[in-house]
K.L.:
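Okay, here's the structure, questions in a sec.
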Amino acid sequence: IDLGLQLKQAHWCVIGNNFRTVHLQLDEILVDVRDGSDEVAERVSTLGMAPDGLAKTVADSAKLKSMNVAFASASDTIKTVAQLLDTTVQGLRSSIEVMGDLDPITEDLLIGISAGLEKHLWMVQAQEK
């Protein structure tokens with residue numbers, strides 16, 4: 001949820017050269033992030049727990065570095081998004097490891113989400129070169 005909110009913030013504040021490309025790319029990534037968040041929340045419900053995506057809970061448990069609330073060039077936005085995606089993928093990989101022994105269905109769900117985000121990370125990082 002935190003990643004989704006930060007991507008939308010980046011989407012609103014990207015400016016400069018390659019604005020349109022990055023602006024549209026952020027929306028593409030956001031669709032996958034929101035879908036992944038929804039799938040995880042529904043899995044939590046399936047396992048008999050109430051998911052908590054309330055703003056306060058998300059803010060209190062955020063592991064991502066908060067981005068600046070300011071306009072940023074497309075190149076700076078790409079760097080920030082790459083860092084956010086990388087941190088998220090690393091967190092997913094840690095969760096996948098834990099889930100392997102506890103619940104293979106949840107593990108599989110997280111692997112699928114991670115695969116999509118890793119592809120987005122590759123596409124974002126390719127623009128940094």
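If you read the sequence from its start, that first residue is 1, and numbering goes on from there.
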K.L.:
Can you hop from V124 to F19 via hydrophobic side chains spaced under 4.5 Å?
P.N.:
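Same cluster: V124 reaches F19 through Ile, Leu, Val, Met, Phe, Trp or Tyr contacts under 4.5 Å.
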
K.L.:
Side-chain contact test, heavy atoms from C-beta onward, threshold under 4.5 Å: evaluate it for D35 versus I113 and give yes or no.
P.N.:
no

K.L.:
Grab the two heavy atoms, one from V33 and one from G4, that are nearest each other, plus how far apart they are.
P.N.:
CG1-N, 3.6 Å

K.L.:
Which heavy atom of A41 sits nearest to which heavy atom of P51, and what is that distance?
P.N.:
O-CG, 3.6 Å

K.L.:
Looking at every non-hydrogen atom in both residues, tell me the closest pair between W12 and F71 and how far apart they are.
P.N.:
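So the two residues come closest at O-CE2, 4.1 Å.
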
K.L.:
Donor-acceptor pair, distance only, cut-off 3.5 Å: does the side chain of H120 make one with the backbone of I29?
P.N.:
no

K.L.:
Rounded to the nearest 0.5 Å, what separation is found between the CD atom of Q6 and the CG atom of N68?
P.N.:
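Answer rounded to 0.5 Å: 10.0 Å.
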
K.L.:
Nearest 0.5 Å, what's the CG-OG1 distance between L64 and T88?
P.N.:
4.5 Å

K.L.:
Just by distance, do the side chain of D52 and the backbone of L54 share a donor-acceptor pair under 3.5 Å?
P.N.:
yes

K.L.:
Check whether any side-chain heavy atom of H11 sits under 4.5 Å from a side-chain heavy atom of D27, and report yes or no.
P.N.:
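Side chain of H11 against side chain of D27, heavy atoms only: contact under 4.5 Å found.
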
K.L.:
Cluster question for you: counting only ILVMFWY and a side-chain heavy-atom cut-off of under 4.5 Å, with indirect links fine, are W122 and L92 together?
P.N.:
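They do not share one cluster, since no chain of ILVMFWY contacts under 4.5 Å joins W122 to L92.
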
K.L.:
State plainly whether one hydrophobic cluster holds both L110 and L102, where clusters connect Ile, Leu, Val, Met, Phe, Trp and Tyr through side-chain heavy atoms under 4.5 angstrom apart.
P.N.:
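Same cluster.
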
K.L.:
Of V81, T77, I78, which meets side-chain contact (heavy atoms from CB on, under 4.5 Å) against Q25?
P.N.:
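Going through V81, T77, I78 one by one, the side-chain contact (heavy atoms from CB on, under 4.5 Å) with Q25 is satisfied by I78 alone.
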
K.L.:
Hey, what do you get for CZ (R43) to CE (M49), rounding to the nearest 0.5 Å?
P.N.:
9.0 Å

K.L.:
Let me check something: do L7 and I1 share a hydrophobic cluster, defined by ILVMFWY side-chain heavy atoms less than 4.5 Å apart, either directly or through other members?
P.N.:
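Shared cluster, no.
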
K.L.:
Can you tell me how far apart CG (L117) and CG (L3) are? Round to the nearest 0.5 Å.
P.N.:
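Answer for the CG-CG pair, L117 versus L3, is 7.0 Å.
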
K.L.:
Hydrophobic cluster membership, with links at side-chain heavy-atom distances under 4.5 Å among I/L/V/M/F/W/Y: are V40 and V89 in one?
P.N.:
yes

K.L.:
Which is it for V44 and T106 under the side-chain contact (heavy atoms from CB on, under 4.5 Å) test, yes or no, and what are the steps along the way?
P.N.:
CA-CA 9 Å; V44 169; T106 302; over 6 Å; no

K.L.:
Got a second to check how far L84's CG is from Q9's CD, nearest 0.5 Å?
P.N.:
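Atom-to-atom, L84:CG and Q9:CD are 11.5 Å apart.
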
K.L.:
Do Q90 and K63 come close enough that some side-chain heavy atom pair is under 4.5 Å?
P.N.:
no

K.L.:
Do S114 and I96 have side chains that approach each other closer than 4.5 Å (heavy atoms only, starting at C-beta)?
P.N.:
yes

K.L.:
Looking at D32 and K119, is any side-chain nitrogen of the basic one under 4.0 Å from a carboxylate oxygen of the acidic one?
P.N.:
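D32 and K119: not salt-bridged.
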
K.L.:
Looking at G53 and V58, what are the two nearest heavy atoms and their distance?
P.N.:
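Nearest heavy atoms, G53 then V58: O-CG2, 3.8 Å.
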
K.L.:
Report yes if the side chains of Q125 and L85 come closer than 4.5 Å at any heavy-atom pair, otherwise no.
P.N.:
no

K.L.:
In Å and rounded to the nearest 0.5 Å, what is the CG to CD distance from L109 to E42?
P.N.:
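Going from the CG atom of L109 to the CD atom of E42 covers 10.0 Å.
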
K.L.:
Look at atom CG of N17 and say whether more than 12 heavy atoms of other residues, nucleotides or ligands are closer to it than 6.0 Å.
P.N.:
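No, CG of N17 has 12 or fewer neighbouring heavy atoms, counting only those of other groups under 6.0 Å.
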
K.L.:
Do N18 and Q127 touch side chain to side chain, with heavy atoms closer than 4.5 Å?
P.N.:
no

K.L.:
Is a salt bridge present between E39 and R34, judged by a nitrogen-to-oxygen distance below 4.0 Å?
P.N.:
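So E39 does not pair with R34 through a salt bridge.
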
